[in-house]
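See below for the structure under consideration.
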Amino acid sequence: MLRVRRGDRQAFRELVERHQRAVVQTIYRAIGDAWEAEDLAQRVFLQVWRSAGRYQPTAKFTTWLFTIVHNTILNEHRRRGRRGAESLDALTQREEEEGRGVQFADTRSPDPSQQVAERELQARIEAAIRRLPDNQRTAVVLCRFEGFSYEEIAQVLHCSVPAVKSLLHRARETLKEQLRGYY
Amino acid sequence: MVLKGDKVTMNCQEVQAKFDERLDELLDAAQRGGFDAHIAACPACAAQWRAYAGVWMTVGRHVAPMPSVGFAERTLRRLDEMPVRRLMPWFLPVWRWGVASGLAVIMLAAIGWFGWQRARFVQTVRMPKLEPLVEAYTMAQQDRLEDFDVVASLHLLNGEVRNESQTID
C-alpha cells in the first residue's frame with residue numbers, strides 16, 4: 001500500500017489481484033448482481049487509488065479497504081432508492097415462489113434432484129443474506145466468509161465490539177428463521 | 001458458571017448466552033469444555049445448539065461468483081480513463097480552498113452591502129412618508145370623535161324631545 005501511495009501502478013495491480021475476490025464477492029452478496037458487483041468493485045479500487053494519500057499505515061489495510069466497500073454498498077442502496085429495493089425484494093420473493101431451480105433442472109445429469117435442491121438452497125441463502133439490514137449483512141459476510149475478528153468488523157462499521165456481537169446475534173436469529181428447513 | 005478445579009459447569013441459560021462465542025471460537029479451553037459437557041448432557045440445549053450452528057454452517061455453503069477473467073486489467077484501464085486531477089490546478093486542494101474562500105467573502109460583502117442599502121432606503125424614503133399618514137390618522141380619529149359627539153347629542157336631543165312629547169300627551 002505504501003508503494004501505491006507513491007503512485008506505483010504495478011503495486012496497485014498486485015493489490016487488486018490480491019483482494020479482488022473478497023471485494024467482488026462481498027459486494028455480490030449485498031447486491032445480488034454479478035455484473036454490477038464487478039463494476040462497483042472496480043469503483044472501490046479506483047477509490048483506493050485516489051484516497052491512497054489519506055491511508056494511515058497504522059490501520060490494517062483490509063479494514064480500510066472494507067470500510068470503502070461498505071460505504072460503496074450503502075451508497076448503491078441509497079442510489080437505487082426505496083422503490084428499487086422493494087422491486088428487488090419482490091423479484092426475490094417471486095423467484096422463491098416459482099422455485100427458480102426447477103426451471104433449470106437437467107434430467108440427463110446423474111442426480112438432478114440433488115442439483116435442483118442445491119440450486120434452491122443457494123438461492124435461498126443468497127436471498128436471506130441480502131434481506132438483512134446493511135450493517136448486519138456486512139458483519140455476517142466479514143465474519144463468515146472473510147474471517148474478520150469482532151474488532152476488525154467494529155472498525156469497518158465504526159461501532160463498538162459489543163455492537164458487533166449484537167449485530168451478529170440478531171443476524172443469526174433472522175437467518176435461522178428464514179432458512180428454516182434448510183439446516 | 002461454576003468453576004470446579006479446571007472445569008467449568010454451566011446451566012442452560014449460560015450455555016445459550018454463549019452460542020455466538022462458541023461458534024466464533026472465542027471461548028477459552030475451560031469454558032469450551034463446560035459448554036460441550038452441558039450440550040452433551042442436555043437434549044433441549046443440544047437441539048437449540050444444532051439449529052444455531054446448523055444455520056451458520058448452511059450460510060457458509062453459499063458460493064458467490066468469482067471475478068471474471070481480466071478484472072485487474074479492466075480496473076487499470078478505468079484508472080487510465082479517469083481524469084488526471086494533478087494536471088488541472090483548479091482541482092488542487094489549495095486552489096479549491098482559495099476559490100471557495102474568495103467566493104464566500106464576495107457573497108458576504110454583497111449580502112452586507114444589500115442589507116445596508118435596504119436599511120438606508122427604509123430610513124430615507126419610507127419613514128418620512130409615515131408622518132403624513134400618522135397625521136391623517138390622528139385627524140380622522142378626532143373627526144370620528146367629533147362625529148360621535150354630534151350623533152350622541154342628537155340622540156340625546158331626540159330622547160328629550162320624545163320625552164317631552166310623552167309628557168305633553
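A note on names: the letters A, B, ... follow the listed sequences, proteins ahead of strands, and every chain is numbered from 1. Worth knowing before you read on, the calculation uses all heavy atoms, side chains too, and leaves out hydrogens, waters and symmetry mates.
In summary, B:E73 and B:R77 do not engage in a salt bridge, as defined by a charged side-chain N under 4.0 Å from a carboxylate O. Salt bridge present: A:E76 and A:R79 bring a charged side-chain N and a carboxylate O closer than 4.0 Å. A salt bridge is absent between A:R130 and A:D33; no separation between the charged side-chain nitrogens and carboxylate oxygens falls under 4.0 Å.
Of all the listed residues (A:Q178, A:H169, A:E173), the one sharing the greatest number of non-hydrogen pairs under 4.5 Å with chain B is A:H169. When each of B:L26, B:L79, B:L23, B:V63 is checked for heavy-atom pairs under 4.5 Å with chain A, B:L79 comes out on top. No other option in A:D39, A:L179, A:V23 has as many heavy-atom pairs under 4.5 Å with chain B as A:D39. The greatest number of non-hydrogen atom pairs below 4.5 Å with chain A, out of B:R50, B:M66, B:R78, is found for B:R78. When B:P67, B:A72, B:S68 are compared by the number of non-hydrogen pairs under 4.5 Å with chain A, B:P67 comes out ahead.
You'll find the ring centres of A:H19 and A:F61 inside the 6.0 Å limit.
Contacts between A:A41 and chain B at a heavy-atom distance below 4.5 Å involve backbone atoms as well as side-chain atoms. Only the side chain of A:L121 comes within contact range of chain B, with heavy atoms under 4.5 Å apart.
B:W116 does not carry B:R118 over the face of its six-membered ring by the limits of under 6.0 Å from the centre and within 45° of the normal.
Panel note: side chain A:R29, backbone B:H62; a donor-acceptor pair is recorded below 3.5 Å.
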